[in-house]
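Worksheet: the structure to be examined is printed underneath.
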Amino acid sequence: MSETEATSPAVPPKGGVVAYLTLDGALRAAEFYRNAFGAEIVASVPADEKGRTMHVHLVVNGTSVMLSDAFPEYGHPLQAPQSFSLLLPVEDIAAWWNRAVAAGAEVVMPYQEMFWGDVYGQLRDPFGVIWAMNQAKRPA
């Protein structure tokens, strides 16, 4: 198999909008997301001689998230994540939160009941991405 062939067949994305993150260490990030958020790795392209991959397809909580390493020589330099977060709606925020923190996520804003009634908090993964978790208000 050549370095540009995927290790598994193409899988159609899940969700209406799919985040595609360029990171330093996409394969390491995929493994972190598997441990922290229960991500399923559904497809990936093998790493090149520098350890970079051009594509990883994950499914996190029913939605696709795509990853790639930076390839500055092809016009895709690494830039620090900025001005966005990924929202992860969950039913049991404590379980999701504790797993992510145990895997190495940094607490940015502890989860708590918010003025709109939901339980919400933010974590930063080791790759600089902010993951916001939200547990919807339970019916009274």
Side-chain angles (χ1 to χ4, degrees):
M1 177 179 288
S2 77
E3 290 184 26
T4 58
E5 290 181 87
T7 58
S8 56
V11 177
K14 297 175 184 258
V17 174
V18 175
Y20 207 118
L21 307 176
T22 300
L23 305 167
D24 181 15
L27 293 172
R28 288 189 326 274
E31 193 60 28
F32 174 80
Y33 296 151
R34 188 179 66 75
N35 292 325
F37 303 119
E40 177 188 358
I41 301 169
V42 296
S44 66
V45 173
D48 68 8
E49 66 283 350
K50 295 180 181 178
R52 306 173 302 178
T53 184
M54 61 186 286
H55 181 72
V56 179
H57 179 172
L58 307 174
V59 174
V60 180
N61 199 24
T63 300
S64 290
V65 176
M66 309 291 189
L67 310 176
S68 175
D69 279 289
F71 287 85
E73 67 273 28
Y74 296 110
H76 300 282
L78 183 64
Q79 298 175 354
Q82 56 187 332
S83 301
F84 77 92
S85 62
L86 300 177
L87 178 63
L88 187 56
V90 298
E91 291 187 19
D92 182 356
I93 197 168
W96 282 82
W97 188 273
N98 292 340
R99 179 176 59 187
V101 169
E106 171 193 353
V107 175
V108 173
M109 178 174 151
Y111 72 84
Q112 60 189 303
E113 186 171 330
M114 303 305 285
F115 65 90
W116 63 87
D118 291 354
V119 178
Y120 176 89
Q122 293 183 350
L123 300 168
R124 178 178 292 111
D125 71 31
F127 304 90
V129 178
I130 299 289
W131 292 76
M133 288 190 194
N134 191 84
Q135 178 180 305
K137 183 177 182 177
R138 302 223 187 262

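Nothing here was measured: the structure is a model prediction, and the numbers come from that model.
Note on I130: it does not cluster hydrophobically with L86, by side-chain heavy-atom contacts below 4.5 Å among ILVMFWY residues. No continuous path of ILVMFWY side-chain contacts below 4.5 Å connects V59 to V56, so the two sit in separate hydrophobic clusters. Transitive grouping of hydrophobic side chains (ILVMFWY, heavy atoms separated by less than 4.5 Å) brings V107 and W131 into a common cluster. Under the 4.5 Å side-chain contact rule for hydrophobic residues, F115 and Y111 do not share a cluster. Clustering ILVMFWY residues whenever any of their side-chain heavy atoms sit less than 4.5 angstrom apart, transitively, puts M114 in a cluster other than the one holding M133.
In this pair, F32 and F37 present their aromatic rings perpendicular. The plane angle is above 60°, beyond the 30 to 60° band. Ring orientation note: the planes of F71 and Y74 are tilted relative to one another, at an angle of 30° to 60°.
The side chain to side chain contact (heavy atoms under 4.5 Å, CB included) with V119 is formed by just one residue from the set I93, N134, V90; it is I93.
The minimum heavy-atom distance linking A26 with L67 is given by the pair O-CD1, 3.5 Å. Contact record, P12 with S64: O-OG, 4.5 Å, taken as the closest heavy-atom pair.
Taking 4.5 Å as the limit, some side-chain heavy atom of V129 sits within range of a side-chain heavy atom of F84. For the pair L87/Y120, a side-chain contact is recorded, criterion being any heavy-atom separation below 4.5 Å from C-beta on. Side chains of P13 and M66 form a contact here, defined as non-hydrogen atoms less than 4.5 Å apart. You'll find the side chain of I41 stays beyond 4.5 Å of the side chain of Y33, heavy atoms only.
Taking CH2 of W96 as the start and CG of N61 as the end, the distance is 4.0 Å to the nearest 0.5 Å. Separation of atoms CG (L23) and CD (Q79) is listed at 12.5 Å; rounding is to 0.5 Å. Taking OG from S68 and CG from L78, the interatomic distance works out to 10.5 Å, rounded to the nearest 0.5 Å. Here the straight-line distance linking atom OG of S44 with atom NE2 of H57 works out to 11.5 Å at 0.5 Å rounding.
More than 12 heavy atoms of other residues, nucleotides or ligands lie within 6.0 Å of CD in E73, so this atom counts as buried by the packing criterion.
Although no hydrogens or angles enter the test, the distance criterion places no donor-acceptor pair under 3.5 Å between the side chain of D69 and the main chain of M54. The closest donor-acceptor contact from the side chain of T22 to the backbone of A70 lies at 3.5 Å or more, if one exists at all. Between the side chain of R99 and the backbone N or O of A36 there is at least one donor-acceptor pair closer than 3.5 Å.
Between K14 and E40 there is no salt bridge, since no side-chain N of the basic residue sits under 4.0 Å from a carboxylate O of the acidic one. Between E31 and R28, none of the side-chain N atoms (NZ, or NE/NH1/NH2) sits under 4.0 Å from a carboxylate O, so this pair counts as no salt bridge.
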